[in-house]
Participant: 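Just dropping this structure here.
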Protein chains: 2
Amino acid sequence: MIQNGPFQLDEFIPYMLNRAAETTSLDFQKIYKDSYGMLRTEWRVLFHLGRYGDLTAKQICSMSDIHKTKVSRAVSKLERQRFLQRTEVPTDRRHEVLSLTKQGRSAFDHLQSEALKYNTTLLERFTEDEQVILRRCLTELSKNK
Amino acid sequence: MIQNGPFQLDEFIPYMLNRAAETTSLDFQKIYKDSYGMLRTEWRVLFHLGRYGDLTAKQICSMSDIHKTKVSRAVSKLERQRFLQRTEVPTDRRHEVLSLTKQGRSAFDHLQSEALKYNTTLLERFTEDEQVILRRCLTELSKNK
DNA sequence: CGTTGATAGTTACAAATGCAACAAATATCC
DNA sequence: GGATATTTGTTGCATTTGTAACTATCAACG
């Protein structure tokens, strides 16, 4: 009952990307969810702060393309759980610089090493050349033309 | 304030996959949302039926890894909008075979050609070899180990 | 100044989702 | 046959999300 034509659903790139993203994200989610009760957005905010240093919410939004309401809520929860703290910028009180607490830094260090391990298991199925191409394609596809 | 070490957040595969998936899915979503008021899951269910012919909800779940409650709700809405119809299987009345109506087939034909066009614009940035590798990687990464 | 417009971030409300419990039909095993 | 388990699909409820409206601060321009 397979239809004819050149197009195949299983080769539709947005669909393939979604499946791969869901499979790998849900898999890795177990780690930060079980260890720290974090949701995906919280993990990403933590990771941006750990990776790039202190940032404002706005900067995280721009870098990640996560919507500002999601970032706002993730920041609130991470603050409540003492993973980060806010500091008002005196020169412009609309901004708040976010920085990891000691506890947040420790969680990041742990999760970063877990992420590294997980990334390695994902990539070891591919050759070095394939890994380079995959990364290039994904970076390209993330750009909104 | 960039940290040291081999690992880079922007090379974390689940993160890169999610960004690429969101960018492309939201982009293509405009088409089926504006034309038919469909949500992502509804579009996917429609596409499975159009591509693979009549299926039960269970089969769609297995093929797509979409949760059965999401499929159940998408099927209800597609039925309400007359894009598909259910037929009880006499030999096993737990199953219901889903099939596209004339209207559902017409929507599928339209959206399939739009999807083909969109897919082409996504892939034309890459060489033939890169496309093959990308597809292989995504298929591989969709498997749960 | 003072009005207007832009920016950072929060919140209210409706919609979508995930989980667990559920109903109904069938399969299994004694 | 009959108790129990399994499968298919739906529903209730709590959580998460998206949109739009909102507050508060700053910028621009007369």
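Just so you know, these numbers come straight off a predicted model, no measurement behind them. The sequence lines fix the lettering, A, B, ..., with proteins before strands; numbering per chain opens at 1.
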Participant: Tell me yes or no: between the side chains of B:S25 and A:N18, is some donor less than 3.5 Å from an acceptor?
Facilitator: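 There is such a pair between these side chains.
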
Participant: Rounding to an integer number of Å, can you tell me how far B:E42 CD sits from C:dT17 P?
Facilitator: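 To the nearest whole Å, that distance equals 9 Å.
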
Participant: So, do B:F28 and A:F12 have ring centers that fall under 6.0 Å from each other?
Facilitator: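 Between A:F12 and B:F28, which both carry aromatic rings, the centre distance is below 6.0 Å.
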
Participant: Output the single nucleotide from D:dG9, C:dG9, C:dT17 whose closest atom is nearest the side chain of B:T41.
Facilitator: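 Nucleotide nearest to B:T41's side chain: C:dT17.
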
Participant: When you measure from the side-chain N and O atoms of B:R94 to the phosphate of D:dT7, is any distance below 4.0 Å, counting only OP1 and OP2?
Facilitator: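 No, no such contact exists.
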
Participant: NZ of A:K58 versus C1' of C:dT10: gap in Å, rounded?
Facilitator: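 So the NZ-C1' distance, A:K58 to C:dT10, works out to 15 Å.
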
Participant: Between B:K33 and A:P90, just flag the one whose closest nucleotide in DNA chain D comes earlier from the 5' side.
Facilitator: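 Taking each residue's closest nucleotide, the earlier one in sequence belongs to B:K33.
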
Participant: If you draw a 6.0 Å radius around CZ in A:R136, do more than 12 non-hydrogen atoms from other residues or ligands fall strictly inside?
Facilitator: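 Atom CZ in A:R136 is crowded, with more than 12 foreign heavy atoms closer than 6.0 Å.
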
Participant: What is the distance, to the nearest angstrom, from the CZ atom on A:R44 to the C1' atom on D:dT17?
Facilitator: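 Atom CZ in A:R44 sits about 14 Å away from atom C1' in D:dT17.
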
Participant: How many whole angstroms separate atom NE2 of B:H95 from atom P of D:dT10?
Facilitator: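 Result: 12 Å.
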
Participant: Grab the CD-C1' distance between B:Q59 and D:dT7 for me, whole Å please.
Facilitator: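 To the nearest whole Å, that distance equals 14 Å.
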
Participant: Just wondering, more than 12 heavy atoms not from B:R86 lying within 6.0 Å of its CZ?
Facilitator: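 Result for CZ/B:R86: enclosed.
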
Participant: Examine C:dT10: is either OP1 or OP2 under 4.0 Å from a nitrogen or oxygen in the side chain of A:R86? Give yes or no.
Facilitator: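 True: A:R86 side-chain N/O within range (under 4.0 Å) of C:dT10 OP1/OP2.
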
Participant: Given D:dT8, D:dT16, C:dT10, which nucleotide is nearest the side-chain atoms of A:L39?
Facilitator: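 Comparing D:dT8, D:dT16, C:dT10 against the side chain of A:L39, the answer is D:dT16.
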
Participant: Where do B:K117 and B:E114 land on the salt bridge (charged side-chain N to carboxylate O under 4.0 Å, His left out) test, with the steps shown first?
Facilitator: CA-CA 5 Å; B:K117 271 195 288 185; B:E114 291 293 331; 3.4 Å; yes

Participant: Take the C1' atoms of the five end pairs on each side of the helix from C:dC1-D:dG30 to C:dC30-D:dG1, derive the two axes, and give their angle rounded to 10 degrees.
Facilitator: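 Axis-to-axis angle, ends of the helix: 20°.
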
Participant: Just the rounded figure in Å: distance from C1' of C:dA16 to CE of B:M38.
Facilitator: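 Atom CE in B:M38 sits about 17 Å away from atom C1' in C:dA16.
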
Participant: Might you point out which heavy atoms bring B:Q112 and B:F47 nearest each other, and give the distance in Å?
Facilitator: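 Between these two residues, the closest heavy atoms are CA-CZ, 3.9 Å.
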
Participant: Within the side chain of A:H48, is there an N or O that forms a donor-acceptor pair under 3.5 Å with the backbone of A:R44?
Facilitator: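 Indeed, once roles are kept as given, a pair shorter than 3.5 Å links the two residues.
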
Participant: Quickly work out the B:R40 CZ to D:dT16 P distance and round it to whole Å.
Facilitator: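 Atom CZ in B:R40 sits about 19 Å away from atom P in D:dT16.
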
Participant: Need to verify one output field. Residue with the more 5' nearest nucleotide on DNA chain D, B:D92 or A:D92?
Facilitator: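 Mapping each residue to its closest nucleotide by heavy atoms, the 5'-most match is B:D92.
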
Participant: Taking DNA chain C as the partner, which of residues 67-82 of chain B come within under 4.0 angstrom of it by heavy atom?
Facilitator: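 When residues 67-82 of chain B is checked for heavy atoms under 4.0 Å from DNA chain C, the hits, listed by number, are B:T69, B:K70, B:R73.
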
Participant: For the pair B:E22 (side chain) and B:R19 (backbone), establish whether a donor and an acceptor sit closer than 3.5 Å, ignoring hydrogens and angles.
Facilitator: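 Not confirmed, B:E22 side chain does not pair with B:R19 backbone.
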
Participant: Hey, is NZ on B:K77 packed in by over 12 heavy atoms from elsewhere, all under 6.0 Å?
Facilitator: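 Correct, the count exceeds 12.
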
